[in-house]
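Quick notes on the structure that follows.
Note on naming: letters A, B, ... go to the chains in the order of the sequence lines (proteins, then strands), and numbering restarts at 1 for each one. Given the structure is predicted, the values throughout are model-derived calculations rather than measurements. Just so you know, these numbers use all the heavy atoms, side chains as well, and skip hydrogens, waters and symmetry mates.
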Amino acid sequence: MVWYDGSMTNQEIAKIFRNVAAAYAIIDEKKHYFQMLAYQKAADVIQNSASQMDDLVKNGELTGFSGIGSGLKEHIEELIKKGKSSHLDSILSKVPASVFPLLEIPSIGPKKAYKLVTALKLNDPKKVIDQLEEKAKEGKITKLETFGEKSQSDILRAIEEFRKGAGKTTRMLLPMAFEISQQLITYLKKSPHVVEVNTMGSLRRRSPTVGDLDIAVATKNKDAVLDYFTKYPNKMRVIEKGTNTSSIITSSGTQVDLMTVPVENYGNLIQHFTGGKHHNVHLREVALRKGFSISEYGAKHKIKGKEEILKFTDEKKVYETLGMEYIPPELREDRGEIELALAHKLPKLIEEKDIKGDFHIHTSYPIEPSHDMGLNSMQEMLDKAKSLKYEYLAFSDHNPSQSQHTKEQVFNILKRRREKIEQLKKSNKSVRVISMLEVDILPNGKLAIDDKCFEYLDAVIVSIHSVFKMDKEKMTERIIKGLSHPKAKILAHPTGRLLGKRAGYEINLDKIIEFAKKNKKALEINAWPERSDLPDDLIKKVVEAGVMLTIDTDSHAKDHMDLMKYGVWQARRGFATKHDILNAKSYNEVAEFLEIK
DNA sequence: GCCGTTTTCGGCCCGACTGTTTTCAGTCG
């Protein structure tokens, strides 16, 4: 088999699919409406998948994705094998190529893009955005049918915002979204007209990255609330203000959508806007089968020809009405939660209060490490652990650098460190101390410390910190070899991804899961927001396989230990219960798992 | 083009807001 060796990323495939959907909308939206939806849904599924389509196709594992049937599967396979697909190309070639770059500009969709490109003769896909800007500045857009002064100035501003990086696809990390929303909620609560306020959307689902912020307000006076909202001091500008909703851009460049609703259907509103798009579509299909049409205003229901609308202040009632269990926000991504809720078989998800310790803690202990060390002393980290009511804490500094020390020096550093830890054990009775280390797995699969060093360690975390570009199977072998040391118990940040910076290295997770299960190893959910690693859909796989997970903060300072909640949310998104998480277990169980003597 | 508690055909979620319109098209979530 000859493979196209340019290797196509999920992002690229998703973009092609979105372009096909746009082409269908332009060619004849009515005729191709459902193909269009299908391509859009598939694009979302591909983009949000933690597994690379490229890998799945090469291993013949492209199955089980809702929204990717036999037709689209073939197109994906062709894209990956040949770098293009004749069927998709024939659809794309029906519209001018200059249409597609314009789709990245907020407020420009397929129809407008097509009108602009054809009416203004913008024929160069590489320069189309610049050319459009020129035409707008020359006042040519107002002259087009269905465009006016406002559309022209809107286009100019949208291009400007796009250039600043505020395109349709830019997303921020969860902590930033969380912080901005907290400030806004504090502001909103000061208004006497605000009865209830909550976040919705991907922020409430605790998605590791968030695009826009969605906020719900229950009120008796929506005009007053909308007015108050648009006067938010930390705003750049108001995007829109309607009778029920309004959107602003904050000074940090984040779009915030506010929806108001009377108290009686507040539950319907937050249910409607919390679920991911596919969760909502799926849920409304289930509702239709049960005779309900649900929206943010309530559940419409026909009884003896008469229509009634059921309104709920509590969103739990929406699920109850449909005969389902309540689905926690973190699960509302259409990854099987609807079926489980219908069957009343949803797992009881892990909670922050279940966490009893943290295995991945870096300190300022002078270990002369291969990577960055922590800011705070071991004692300071222990004090923080005490304030979090932890039962145990493991110090997992990076191993001393190999290049700058002899084996003997490393041995002596670890010996002294162990003595220090033994002292701390005596002076800190309320938190059990575990002596660990985060050890690099070298490219050849060996660990970056000499074997005799292990006598000073209860167990080690192993991880990849160099030579990321490796063949998938070789990387998998490397990891498994590293993990097979009897004292290696936890694989840290298993995919190595950094959100917004780099995709992870490629691994065969199934093989690692199999090895971990057989050899009693744990995989880490790294709570560091930029990592959020394992990704949620892979956590789900690990949970289904019955392999142990840990949730660790990878703290390099005492305040980082507060990031635990992000790891717990991530675990919840992966359907994990407290039984799946090692650091939700007692010290004795942990000691048994880690084989601490 | 997908999919199945009406299963291999015939359906496919629901609504707000804006701008350019006199009743709607386009975009967005």
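Under the 4.0 Å criterion applied to side-chain N and carboxylate O atoms, A:Glu145 and A:Lys112 are not assigned as salt-bridge partners. With salt bridges taken as basic N to acidic carboxylate O contacts below 4.0 Å, one links A:Glu77 and A:Lys73. The pair A:Glu337-A:Arg205 does not meet the salt-bridge criterion, since no charged nitrogen lies less than 4.0 angstrom from a carboxylate oxygen.
Using a 4.0 Å heavy-atom cutoff across all strands shown, A:His278 reaches no nucleic acid atom at all. Residue-level contact check: A:Lys111 touches the backbone only, with heavy atoms under 4.0 Å from sugar-phosphate atoms and none from bases.
Residue A:Phe273 contributes atom CZ, which lies 16 Å from atom P of B:dC28 at whole-angstrom precision. The nearest whole Å value for the distance from the CG atom in A:Leu103 to the P atom in B:dT27 is 9 Å. Between A:Asp44 atom CG and B:dC28 atom P the separation is 14 Å, expressed in whole Å. Between the P atom of B:dC28 and the CG atom of A:Asp257 lies a distance of 12 Å, rounded to the nearest Å.
For A:Ser93, there are no side chain to side chain donor-acceptor pair (under 3.5 Å) partners two or more places apart in sequence or in a different chain. Scored by the salt bridge (Lys or Arg N to Asp or Glu O under 4.0 Å) test, A:Lys241 finds A:Asp227 as partners (sequence neighbours excluded). Residues forming a salt bridge (Lys or Arg N to Asp or Glu O under 4.0 Å) with A:Glu544 (at least two apart in sequence, or on another chain): A:Lys540. Applying the salt bridge (Lys or Arg N to Asp or Glu O under 4.0 Å) test to A:Lys111 and every residue at least two apart in sequence or in another chain returns A:Glu29. Residues satisfying the salt bridge (Lys or Arg N to Asp or Glu O under 4.0 Å) criterion with A:Lys541, sequence neighbours excluded, are A:Asp510. Take A:Glu530 and apply the side chain to side chain donor-acceptor pair (under 3.5 Å) test, not counting sequence neighbours, and it matches A:Lys501. Residues satisfying the ring pair (Phe, Tyr, Trp, His ring centres under 6.0 Å) test with A:Tyr228, not counting sequence neighbours, are A:Tyr187.
Nucleotides B:dT23 and B:dG29 place their P atoms 29 Å apart, quoted to the nearest Å. Distance noted for atom P between B:dT8 and B:dC3: 16 Å (whole Å). The gap from the C1' atom of B:dT5 to that of B:dG1 amounts to 23 Å, rounded to the nearest Å. Only the C1' atoms considered, B:dT21 is 12 Å distant from B:dG26, to the nearest whole Å. Atom name C1', nucleotides B:dT20 and B:dA25: the rounded distance is 9 Å, in whole Å.
Remark: A:Phe34, A:Gln35, A:Ala38 in residues 30-38 of chain A come within less than 4.0 Å of DNA chain B through at least one heavy atom. Sorted by residue number, the list of members of residues 330-342 of chain A with any non-hydrogen atom under 4.0 Å from DNA chain B is empty.
Summarising the local packing, NZ of A:Lys317 is surrounded by 12 or fewer heavy atoms from other residues, nucleotides or ligands at distances under 6.0 Å. Enclosure of atom NZ in A:Lys15 is not indicated, since only 12 or fewer non-hydrogen atoms of other residues, nucleotides or ligands lie within 6.0 angstrom.
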*asked:* Between A:Lys277 and A:His282, is the side chain to side chain contact (heavy atoms under 4.5 Å, CB included) condition met? List the steps.
replied: CA-CA 9 Å; A:Lys277 191 164 80 188; A:His282 192 167; over 6 Å; no
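Sorted by first and then second residue, the ring-ring contact (aromatic ring centres under 6.0 Å, His included) pairs with a member in residues 92-113 of chain A form an empty list; sequence neighbours excluded.
In this structure, of B:dG15, B:dG26, B:dG29, it is B:dG29 that holds the atom nearest to the side chain of A:His272. Set against B:dG1, B:dG15, B:dC12, the side chain of A:Glu285 has B:dC12 as its closest nucleotide. For A:Asp214, the listed nucleotide lying nearest its side chain is B:dG29; candidates were B:dG15, B:dT27, B:dG29. Candidate nucleotides B:dT6, B:dA16, B:dG29 were compared by shortest atom distance to the side chain of A:Glu296, and B:dA16 ranks first.
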N/O to N/O distances under 3.5 Å, protein versus nucleotides 17-19 of chain B:
from   : atom 1 : to       : atom 2 : distance (Å)
B:dC17 : OP1    : A:Thr243 : N      : 3.2
B:dC17 : OP1    : A:Asn244 : N      : 2.8
B:dC17 : OP1    : A:Thr245 : N      : 2.9
B:dC17 : OP1    : A:Thr245 : OG1    : 3.2
B:dC17 : OP2    : A:Thr243 : OG1    : 3.4
B:dT18 : OP1    : A:Lys241 : N      : 3.0
B:dT18 : OP1    : A:Lys241 : O      : 3.3
B:dG19 : OP1    : A:Lys150 : NZ     : 2.5
B:dG19 : O3'    : A:Ser151 : OG     : 3.1

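Helical stems involving DNA chain B, defined as 3 or more consecutive Watson-Crick or G-U pairs under 3.5 Å, span B:1-4 with B:9-12, B:14-19 with B:24-29.
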